[in-house]
Amino acid sequence: MKLIKCIVRTDKLTETADALESLGVSGLTIMDVRGRGSTRTTALYRGRPYPAFLHMTAIDVVIDDDLVDDVIRVVLDRARTGVNGDGRVLIMDLENCYTIRTRQGGVA
Amino acid sequence: MKLIKCIVRTDKLTETADALESLGVSGLTIMDVRGRGSTRTTALYRGRPYPAFLHMTAIDVVIDDDLVDDVIRVVLDRARTGVNGDGRVLIMDLENCYTIRTRQGGVA
Amino acid sequence: MKLIKCIVRTDKLTETADALESLGVSGLTIMDVRGRGSTRTTALYRGRPYPAFLHMTAIDVVIDDDLVDDVIRVVLDRARTGVNGDGRVLIMDLENCYTIRTRQGGVA
Amino acid sequence: MNQADIAWMLISTALVLFMTPALAFFYGGLVRSKNALNTMMMSFVSLGFVGVLWALVGYSLAFAPGNGLIGDLSRVFLRNVGLEAQGTIPHLLFMCFQGTFAIITAALISGAIVERMRFSAYVVFISLWMIVVYSPIAHWVWGGGWLSQMGALDFAGGTVVHINAAVAALVAAICVGKRRDFQHAAIVPHNVPFTLLGAGALWLGWFGFNAGSAVAANASAALAFTTTMLAPAATLVVWTLLDAMRQRKATAVGAATAIVVGLVAITPAAGFVGPIGALVLGGIAAVPSYLALLWRARTSLDDSLDVVAAHGVGGTVGALLTGVLANKAFNGTVNGLVFGNPGQLKIQIIAVLAAMLYSGVMSFVLLKAIGLFLPLRADQADEESGLDLSEHGEEAYVHDSGMNLLATPAPGAGATPSYAKAQLGAQQ
Amino acid sequence: MNQADIAWMLISTALVLFMTPALAFFYGGLVRSKNALNTMMMSFVSLGFVGVLWALVGYSLAFAPGNGLIGDLSRVFLRNVGLEAQGTIPHLLFMCFQGTFAIITAALISGAIVERMRFSAYVVFISLWMIVVYSPIAHWVWGGGWLSQMGALDFAGGTVVHINAAVAALVAAICVGKRRDFQHAAIVPHNVPFTLLGAGALWLGWFGFNAGSAVAANASAALAFTTTMLAPAATLVVWTLLDAMRQRKATAVGAATAIVVGLVAITPAAGFVGPIGALVLGGIAAVPSYLALLWRARTSLDDSLDVVAAHGVGGTVGALLTGVLANKAFNGTVNGLVFGNPGQLKIQIIAVLAAMLYSGVMSFVLLKAIGLFLPLRADQADEESGLDLSEHGEEAYVHDSGMNLLATPAPGAGATPSYAKAQLGAQQ
Amino acid sequence: MNQADIAWMLISTALVLFMTPALAFFYGGLVRSKNALNTMMMSFVSLGFVGVLWALVGYSLAFAPGNGLIGDLSRVFLRNVGLEAQGTIPHLLFMCFQGTFAIITAALISGAIVERMRFSAYVVFISLWMIVVYSPIAHWVWGGGWLSQMGALDFAGGTVVHINAAVAALVAAICVGKRRDFQHAAIVPHNVPFTLLGAGALWLGWFGFNAGSAVAANASAALAFTTTMLAPAATLVVWTLLDAMRQRKATAVGAATAIVVGLVAITPAAGFVGPIGALVLGGIAAVPSYLALLWRARTSLDDSLDVVAAHGVGGTVGALLTGVLANKAFNGTVNGLVFGNPGQLKIQIIAVLAAMLYSGVMSFVLLKAIGLFLPLRADQADEESGLDLSEHGEEAYVHDSGMNLLATPAPGAGATPSYAKAQLGAQQ
Ligand SMILES: Nc1ncnc2c1ncn2[C@@H]1O[C@H](COP(=O)(O)OP(=O)(O)O)[C@@H](O)[C@H]1O
Ligand SMILES: Nc1ncnc2c1ncn2[C@@H]1O[C@H](COP(=O)(O)OP(=O)(O)O)[C@@H](O)[C@H]1O
Ligand SMILES: Nc1ncnc2c1ncn2[C@@H]1O[C@H](COP(=O)(O)OP(=O)(O)O)[C@@H](O)[C@H]1O
C-alpha cells in the first residue's frame, strides 16, 4: 500500500481529482499548503519586499501498489502546465490504512 | 517508531485526542483537511452544483512500535460513528523523530 | 530520498527556511498545523476553560539521503529556543519524488 | 410636519434597519464556521418576511386603533397609511420605523436555536410570531393598549423587544432541543472579530433605536442619545472588571456581550433617566447578566448565544430600573422609586410579567403547532456536517480551490500528453 | 436655505459615499481569495480618481447649464460652486451628493471584469468613462437635458446609474474577455459573510441614495425611504421562495443578490410609486433577474459577478415599472400605466434605450482606445497566481507566519550553538 | 435650540462613536492573527473606560470655564450639564459629541504599541492620559483656553486629536520598547480586508467628526463635509501614483493608509479652506506621510501601525496648511498665508509645538509612573504565543474543531464497543 502525496497548483485540484477518479481512486484527502522552490514570489509591506509563498494544494491518496504507476502518470499528465511551480508527487510506503467505519485494514 | 495519521470527523477530535492521552500519547499535531470518498457533498453557486469536500481533521501522532495496536484500536473505537465519512487511519514507518528542545531522537 | 517534516514554532519558519536554503535545500512545502505536547494552553468561552492548541508550522522538505544529517542539525539549531513547545523533526523514507514540470523522479 | 423631525427619523429608521445585518454578524461570529451562513441568514431573512408582513398586517394589529389588547384591521395592506402627518412626520415613515423594530425583534430569537433548527420552520415561526406575539405586545405598550393606559414606561422596547424576544428564545430553545454535541464539546466562536463588528454596528444602530424613539429631533432624543452612549460604556467597564477579577482575562466576547447588555438595559429607560442614572443603570445591569451567562453555560439549557442572559435578564433589569431611576427633572413627566414614586416600579413589574407570560405561552403554542406540519430540527447528519451545506447549499469560506462544475463534461478527452514511461519505471 | 434639508443631505451624502466600500465587500466576498484585494481596490480606487475628477470636470459636464446633451464648462474646477443655495442646500453639498453617485456607478462596472483586468487599465477606464459616459447621461436625465425635458422618470438613477453601469459592464466583459478557467472550474466565493456585509451596508447607504434624491427632508424623501425599505424586502421574499422551490435551499449569496436587485429596481421608482406599488415592483423584479442569473451562468459570457443580471435587468425592470406603477396620489405629479397614463411607459422605454445605446457604444470605443496604449488583461501567470500579488504586491490573508525581510541580512552568523553530534549519529 | 442642528448633531455623534469600532478593524487587520483580538480590544475598551471617565471628569476639565490652561471642576459628574441649550443644541448632546472625540483619540495611541503592551497597563494609561493630557489640550483649543484666545485654527482636531495622539504614541512606542521579532521578521497584516473595512467606516464616521464640528447643520458643516470628501480623494490619488511609480504596485494597505492620512490632514482645515484648497491640501499631504512611513520602517522605531507617520505627520501638515490655505471667502472669518495673512501660520506653528511638547512630556511621565506599579510589557512567552491567548484567553479564529471542556468528565467510561481483534492483528 502506498501513500501518494501530490502537491499541485490549486487550480489543478479538480482536474487531478477527476483523473484519479477515472482510475478508480475515488477517496482522497486534500489540504491547503504553501511552498517555494525554483519559483519565488515577493510581496510588499510598507514599501519593503518580503518572500511570499505559492499557494498549493496537497492531495493525499492511499492506493494499492499496483496502481502506483497509473496514478503517477495521470497526475504528471493532468497537473502539469510546464511552467515553473507545477509541484511534486511524493511516493511513500504505507504499512496499513484502516477505514474507521468498517474497522478494516487495507485500501477500501 | 511509527507515524499514525488519523483522518477523523472534526467533531471527533477531542474524543480521539483524549482517548490517545489515556494511552499515554499526549503529544499530537493536528491539521484541517478536506476529503471525499464514499461520501460526497455538493454545494451550489449561481444555481449550479459543484462538488464540495467534507471537512475533516487529521491527527498526526508519533508513537513507539509497541503502542501501534492500542492506538489503532482506540482511534477505531472513538472516532467511529458507523455512518459513511468516518475517515481513515494511516500507519507509516518513521525513521526517527527529534524533539527540537532537547535535540534528542526517539519518541519523547 | 527522505521526507523531513519539521514541526516548528511559526515564528521560526523563516529562520529555518533560510538555514535550509544555505544547505542548498531551496524547495519546501509548509502548512499551518496546531499541536500539543508537554505544553498546553487553555482558552475561555463563557467563563469556561477549554484546551486550545499551539499554532505551529510544518515544513516538509524532500532531500537526498546524504543531506539528512545536515538538515537535522540545522533545524535543531535554528528552530530551537530551549523552551517547551519547540516542536519535532520527523524523518521518513520516501520511495520517490517526481517534479511535475519535468516529469523526472528524484530530488530536483 | 416638522422637517427636522423627518430628517432625524429618516436616518434613525435607516440605522435601526442596519441593526439586523449587524445582528447577523454578532451572532454569526459566535457559531462554528459550518453554520456561519445559516446563522446570518436567520437574521437577513427577517428583513424580507417580517418586513413584508409588517407592512401588510403587523402594523395594523400593533398601531391601528382597535381595543386595549390589539389593533384593528383598518390599516391592513397599508390602507389609510400615506404621507399625511403622524405626529410631526409622514405616517409611512412612522410605519417604517416601527417595522425595523419588528424585524430585529424576530431575528433576535434566532440566537437561541442556531446550529440545529430547520430554516423553513424558522422562517414560518418568526413570520407568524411577529403577527401573533409581537404586534399585540407592541399594541399594549405603544399602540394605546392596556399597558400604556396603565402608565408602563418602555421608551424604546425593553419589554416589547427584548424581554419578548428572550422569552420566545427560551421557549424555542426548549422546544427545538439542544445541539447534539452541546456539553460534550466546547462549541467556540469561529470568528470573534465578526462579533465585535456586530457589537459596534449594533451600538451605532441603537442610537436610532433609542433616540429615534423620541420620534423627534428634540431634547428627549438628545437625552435618549446620551443615556444610550453612557449606559453601555458603564456596562463595559463593569464587565471588564468582573472578567479580570474572575479569570484575569478581559475577553473580547465578553466586551461585545457587555455592550449589548448595556444597550438592552438602557432601552426601556433611555428617555426617562438622567445621564448619571444611565451610568448607574448600565453598571448595575452588568452583574446579573454576567452571572446568568456563567450559570446558563453550566445548565443543560442550550440557549446557544445567550439570548436570555443578554436580552431577557438585561431587559428585565432595565425595565425595573426604569421604574426606579426615572427622573422627572430630565424627562419632564414621571419619577421612579428613588425620586419618590414607588408605584411606577409596580407598574413596571406588571408589564414585564404580562409580556413574559403572553410571549411564553403563545411562542410555545406556535412552535408546537408548526411542529405538526414541519420538522423543527435538522437531521443528525445535517447538524453534523453543518447547516450551511444542508440548508443553504453553501460554504461560508472556500480557500484556494478551483472546483469543477458537476454539469461540465470532463475537460481532457483530447490529445493526452505523451507519458515518459522510462522515467516512471525508474522508481519501482 | 433649509437647515433640516442640509442635515438630511449631509447624512445622505455620507451614506452614499459609504456604499462604495460596501460594494468592495459585496464584490470582494464573491471572488477567490487570491483576487480579494484587487477586487476591493477596484471599488476603493474610484473614491480617489472618480472623486477628484468629478469635482474638477464631471460635475460641470453633468450639471452646468450647457445644452440638451451635455453641460458646459462653466463649473469646471468648481468655479461658481460655493456655499450659495442650490435649491435649499449649499451648492457644494449638492455637488458632493452627486459625486458619490458618479463614484459608485464607475465602481459597479468592476464586477464584470474582476480576476483578470489589469488594474492600471481599469483605473484609466473608469476615470475617462465617468467623464465621457456618466456625466452626459446624468445631464440628460438630471441636469436639464433632453430626457428630463421629455419627462423621463428616474428618481435616483435606475437609468443613469444602474442600466448605464450594467451596459458598460457587459461591454467590458466582452472586450476584456473571460477568465482563463471560466467554465472549466466552478469559481466560488471565498467569503460569503463579506458579501452579506456588503449587502447590508449597501441597503443602509441606499436610503441616502434614494431618499436623499429628494434633496430635502420632506414627504417625498419619506416616500422614497418607504419604498426603499419595502421593495427589497419583497424581492428577498420572492427570491428565497424561488430558490427554495428550485433547489430546496435558500442560498445566502442569493439573499444578498436579491437585496441588491430589489434596491436597484426601486431606484428609478423610489419617489414615484406608493408603498404597495413598491412591494409589487420589488416582488416582480426578482423573477427576471433570477432567471437572467441562472441563464448567464450557462453562457460563455463571463460577467463575473453578474452586473448585467442584477443592475441591467433589475434597472430596466425598475425603469419600466416606474412608468407602470407611478402613482400621482403619492408623488403628486405623475401617473403610470395602471393609473391611466400609458404614455409614461413609452418615455421610459426611450430613456432606457438611449442610455443603453450611448453607454454601450462609448464604453466600447473607450476600451478599444485604451487597449491601444495599455494591455487590458493581466498575463496568464498573474491571473493564475492571483491579481493581489501581481497587481498590488499583497496577500489578503496571511496566517501564522513571521517572514524575513529580503533586505535584512541573515540573522545567525554569530556563535552557532554547539551541536550534539552524538545524538544525531544515533539514528543513522 | 434649533431642531435641525439637533438632528445633525445626533447623527454626527453616532458616527464619531462608530469610528472607534472602525479603528479596531483598521488596526486589527494590520496585526498578526494571534494578536487580532488584543488589538481590537484596545480600541473597544476605550469606549468603556474613556467614555465613562469623560462624563465624570474629562468634560469638565476640557469645557468648564476654568482658566486658560484647564477647565475647572464645575461640571464634574455632569453637574450643571443637562438638556438646556449649549449653543443651539442640548448641553448633554454637546458633551456626548466631545466624548466621542476623547474616546477615539485615546484609542489611536494603541497603534504604536500593539502586539506587546500589557492590556491592564494600557487601560490604566489611556484612562489617565485622557484626563491628564487630552482634556487640557482640548481646553486650550476648544474650551476657551490660551490657544483659542491666540487664534489658533483647529476645526475638528488636527492638533487636539491627531498630533496629540501621535506624540503620545511615539513616546509609548519608545517606553514600551519594540516587539521582540521586530526587524527580524516582516510582520505582515493578517487580514487586509478588515483594514479596508476600517478605512471605509472611518471615512463615514469622519463626516460626523469634521462636519459635526460645525455644531450645526449649516453652510459651515457643508463646507467641512465637502473638504472631508475631497481631500482624502486627492490623497488617495497621489498615494496610488507614488506607489505605482515606486514599486509598480498600488497596495491596498497603502490605499487604506492614504484615506486616513487625507482625513487626518483635512481635519484641522475642514471648515476653513475651500474645495480646491482641500484637493491641494489632500494631495500635498500624501507626500510627507508616504516618505515618513517608508523611512520609519527602516528605523528601529517600532511604531507598529505608523501612528506617527499617519496622524503625526499628517496632522502637522494639515495644521500648518490650514494656516496657509484658510480662505475667508469660504469660512467667512480668516485667511491663511496664500490669501495674505502670514501671521496665521505662525500661530499654527505655536499650537502644534505646544501640543507636541505637552503631550510628549506628560505621556512620558505617565508611562513611567504606571511602569512603577504595573509592567508595561507582556512576557516573552506571551508575546510569542500571542496576546489574544495570554491577555484575553481567546483565539480570534477557530476552525472546524469541537473541543472538550476541561471541566467535563471524559465521555466514554460506559460500554466500550466490542473491538474486532482479528482485523487489527492482520496488519502486524
Ligand atoms: N524539496 C522540496 N521539498 C518539498 N516540497 C517541494 C520541494 N521542492 C518543491 N516543492 C514544492 O513544489 C512546489 C513547486 O516547486 P517549484 O520548484 O517552484 O516548481 P517547479 O518544480 O515546477 O520548478 C513548491 O511550491 C513546493 O510546494
Ligand atoms: N483513498 C483514500 N486516500 C486518502 N484519504 C481517503 C481515502 N479514502 C477516504 N479518505 C479520507 O477519509 C474520509 C472519509 O472517507 P469516506 O469514504 O467518505 O467514508 P467511509 O470510509 O466512512 O465510507 C474522506 O473524506 C477522506 O478524507
Ligand atoms: N508525539 C507527537 N506526535 C506528533 N506531534 C507531536 C508529538 N509530540 C509533540 N508534537 C508536536 O510538537 C509540538 C511541541 O511539543 P511540546 O511537547 O509542546 O514541546 P517540547 O517538545 O518542546 O516539550 C506540539 O505542539 C506538537 O505539534
Side-chain angles (χ1 to χ4, degrees), chain A residues 1-8 10-35 53 55-65 67-68 71 75 78 90-108, chain B residues 1-10 12-13 15-16 19 29-40 42-43 49-60 63 65 68-69 71-95:
Chain A
M1 220 178 302
K2 302 286 177 219
L3 172 63
I4 314 284
K5 187 185 269 292
C6 318
I7 302 166
V8 304
T10 56
D11 42 15
K12 289 292 178 185
L13 165 61
T14 337
E15 223 169 310
T16 310
D18 287 356
L20 289 170
E21 190 131 28
S22 66
L23 287 180
V25 179
S26 71
L28 46 81
T29 300
I30 65 174
M31 69 207 76
D32 297 326
V33 301
R34 284 162 290 150
F53 289 86
H55 288 258
M56 312 282 294
T57 299
I59 310 176
D60 283 5
V61 268
V62 176
I63 51 170
D64 274 326
D65 292 6
L67 265 175
V68 171
V71 163
V75 174
R78 289 306 173 83
L90 279 54
I91 297 102
M92 274 174 276
D93 191 61
L94 204 57
E95 302 203 342
N96 207 345
C97 169
Y98 288 87
T99 296
I100 297 177
R101 178 174 48 83
T102 61
R103 286 210 183 89
Q104 299 286 354
V107 174
Chain B
M1 220 180 301
K2 302 285 180 222
L3 172 64
I4 314 284
K5 186 185 270 294
C6 318
I7 302 167
V8 303
R9 290 177 190 277
T10 57
K12 290 292 178 185
L13 164 61
E15 222 167 312
T16 310
T29 301
I30 65 175
M31 68 208 78
D32 297 326
V33 301
R34 285 162 289 151
R36 67 186 197 200
S38 62
T39 341
R40 304 261 160 150
T42 51
Y50 67 93
F53 289 85
L54 295 174
H55 287 257
M56 312 282 294
T57 299
I59 311 176
D60 282 4
I63 52 170
D65 293 5
V68 170
D69 274 20
V71 163
I72 295 172
R73 181 174 40 82
V74 142
V75 174
L76 292 183
D77 282 359
R78 291 306 174 82
R80 190 171 173 271
T81 68
V83 176
N84 285 64
D86 275 350
R88 297 282 183 281
V89 183
L90 279 53
I91 297 101
M92 274 174 275
D93 191 59
L94 203 58
E95 302 204 342

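Just so it is clear: chains get the letters A, B, ... in the order the sequence lines come, proteins before strands, and each one is counted from 1.
Between B:Asp32 and A:Met31, the closest heavy-atom pair is O-CB, 4.1 Å. Scanning both residues, A:Val62 and B:Leu90, for their nearest heavy atoms gives CG2-CD2, 3.8 Å. Residues B:Arg36 and A:Ala17 come closest through the heavy atom pair NH2-CB, 3.6 Å. Looking at every heavy atom in both residues, A:Asp93 comes nearest to B:Met92 through O-CG, 3.8 Å. Summarising the geometry of B:Ser38 relative to A:Arg101, their closest heavy-atom pair is OG-NH2, 4.2 Å, with the distance given to 0.1 Å. In terms of heavy-atom proximity, A:Ile100 sits nearest to B:Val89 at CG1-CG2, 3.8 Å.
Among the candidates B:Val75, B:Leu3, B:Thr81, B:Val83, the residue making the largest number of heavy-atom pairs closer than 4.5 Å to chain A is B:Val83.
Distance OG1/A:Thr102 to CZ/B:Arg80: 8.0 Å, rounded to 0.5 Å. Here A:Asn96 contributes atom CG and B:Lys2 contributes atom NZ; the two are 11.0 Å apart, rounded to the nearest 0.5 Å. Taking CZ of A:Arg103 as the start and CD1 of B:Ile72 as the end, the distance is 12.5 Å to the nearest 0.5 Å. Note that CG of B:Leu76 is 7.5 Å distant from OH of A:Tyr98, once rounded to the nearest 0.5 Å. With rounding to the nearest 0.5 Å, the separation of CG in A:Leu28 from CZ in B:Arg34 is 11.0 Å.
Neither the backbone nor the side chain of A:Ile59 comes within less than 4.5 Å of any heavy atom in chain B.
No side-chain heavy atom of B:Phe53 sits under 4.5 Å from any side-chain heavy atom of A:Thr29.
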